[in-house]
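The first residue in the sequence is number 1, and the count goes up from there.
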Amino acid sequence: MRYIQDAPSYALQQSYEAYADAAVTAMRESQQLQKKGALKRPLALAVENLFPESYGAHPDELINLVEKSREAMVRRLTKEGMDQAEAKQKAQQHLYATFDTAHCNMWWKYWKGDEHKTMAQNKEEFDKWMLSRVEEMAKKKIVGHLHLVDNQGYADDHLAPGEGNAPVDQALKIFKKHGFKGDIVVEPGADFTMDV
């Protein structure tokens, strides 16, 4: 009985270990490139929050995936003889999240608003929730790569920031406030097809 595990727990544990393995590979490849003088920046595994229907899309799930995968990486590296502090630094450098503002904004379609409030008031409450999750990710240094993109909260429209209703500018300010120094990519891919 002690070996029996439910499917979700098993799947998550396998995910943590697989992400840790991939990040260790990225770390080792970075070391090899550095020895050759060809490393421009460290390679990393970046787990993205995709659509609300997928595990890892919810900010709390994304935080969990990154934290537990980093813990698995630290365990592996310390077992191989690396100092705990260095292992934690390597895990943070080589394993992080890609946070997509529009993907997170798509949780709006599942938001249970207050029927006595207007749509705008309910969206304001949703934005407070979303930005509180952004604040937690930023404080915990979970995110190493940002996708700044907008939508109306129902589909992955790939609008330029400011063309939809995602709190893109507020999210960016939160990350910057907490010292974010990772990549920032703007993804306005739908402009051409929508304009035509």
Side-chain angles (χ1 to χ4, degrees), residues 12 15-16 19-20 23 41-42 44-74 85 87-114 117-188:
L12 282 173
S15 296
Y16 306 148
Y19 292 150
R41 54 188 285 181
L45 175 73
V47 182
E48 185 171 355
N49 63 315
L50 291 175
F51 309 120
E53 297 77 20
S54 304
Y55 187 87
H58 191 283
D60 294 342
E61 295 168 350
L62 187 63
I63 291 168
N64 179 62
L65 280 173
V66 172
E67 287 183 334
K68 297 293 187 186
S69 298
R70 283 178 176 172
E71 289 171 14
M73 184 174 175
V74 168
K88 284 183 179 182
Q89 183 270 332
K90 295 290 186 191
Q92 187 170 340
Q93 183 180 38
H94 296 283
L95 202 163
Y96 47 73
T98 294
F99 180 73
D100 186 300
T101 53
H103 293 169
C104 192
N105 195 53
M106 287 169 55
W107 282 97
W108 167 242
K109 66 183 169 183
Y110 297 110
W111 187 256
K112 301 286 186 210
D114 184 335
K117 291 183 179 179
T118 66
M119 174 91 68
Q121 289 170 324
N122 280 314
K123 183 62 170 102
E124 187 177 317
E125 288 299 312
F126 171 83
D127 287 354
K128 282 182 191 173
W129 167 80
M130 179 175 158
L131 294 171
S132 75
R133 307 323 302 139
V134 166
E135 185 93 40
E136 181 159 353
M137 285 185 278
K139 281 181 185 175
K140 291 183 169 191
K141 308 289 187 212
I142 295 294
V143 177
H145 190 193
L146 282 174
H147 286 178
L148 301 182
V149 60
D150 214 337
N151 61 19
Q152 298 297 329
Y154 298 99
D156 195 22
D157 299 322
H158 275 261
L159 302 176
E163 291 184 349
N165 64 12
V168 177
D169 58 338
Q170 294 162 289
L172 181 58
K173 286 176 186 172
I174 290 169
F175 280 112
K176 288 294 191 179
K177 177 178 88 174
H178 291 284
F180 181 81
K181 295 194 183 337
D183 291 329
I184 299 173
V185 177
V186 179
E187 295 186 318

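- Ring geometry for H158 versus H103: interplanar angle over 60°, hence perpendicular rather than tilted (30 to 60°).
- When all heavy atoms of N49 and L62 are compared, the closest pair comes out as CB-CD2, 3.9 Å.
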Stepwise side chain to side chain contact (heavy atoms under 4.5 Å, CB included) test for T101 and D150: CA-CA 7 Å; T101 53; D150 214 337; over 6 Å; no
Trace of the side chain to side chain contact (heavy atoms under 4.5 Å, CB included) decision for F51 with M106: CA-CA 7 Å; F51 309 120; M106 287 169 55; 3.6 Å; yes
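- Here the side chains of K68 and Y19 are not in contact, with every heavy-atom distance at 4.5 Å or above.
- Note that CE of M137 is 5.5 Å distant from CD1 of I63, once rounded to the nearest 0.5 Å.
- In this structure, C104 SG and F126 CZ are separated by 6.0 Å, a value rounded to the nearest 0.5 Å.
- Taking each heavy atom of K117 and E125 in turn, the nearest pair found is NZ-CG, 3.9 Å.
- Between L12 and L65, the closest side-chain pair of non-hydrogen atoms falls below 4.5 Å.
- A salt bridge (charged side-chain N to carboxylate O under 4.0 Å, His left out) check over residues 92-112, counting only residues at least two apart or in different chains, returns the pairs E53-K109.
- With hydrogens and angles left out, the side-chain atoms of N165 and N105 include a donor and acceptor closer than 3.5 Å.
- To the nearest 0.5 Å, atom CG of residue L159 and atom CG of residue N151 are 6.5 Å apart.
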Intermediate values then yes/no, side chain to side chain contact (heavy atoms under 4.5 Å, CB included), F99 and H147: CA-CA 6 Å; F99 180 73; H147 286 178; over 6 Å; no
Verdict with reasoning, Q152 to D157, per side chain to side chain contact (heavy atoms under 4.5 Å, CB included): CA-CA 8 Å; Q152 298 297 329; D157 299 322; 4.3 Å; yes
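- With E67 as reference, K140 is the one residue of K141, K140, K88 to meet the salt bridge (Lys or Arg N to Asp or Glu O under 4.0 Å) rule.
- In this structure, S69 OG and N64 CG are separated by 8.0 Å, a value rounded to the nearest 0.5 Å.
- The OG1 atom of T98 sits 12.5 Å away from the CD1 atom of I142 when rounded to the nearest 0.5 Å.
- When E135, K139, K173 are each tested for a side chain to side chain donor-acceptor pair (under 3.5 Å) with H178, only one passes: E135.
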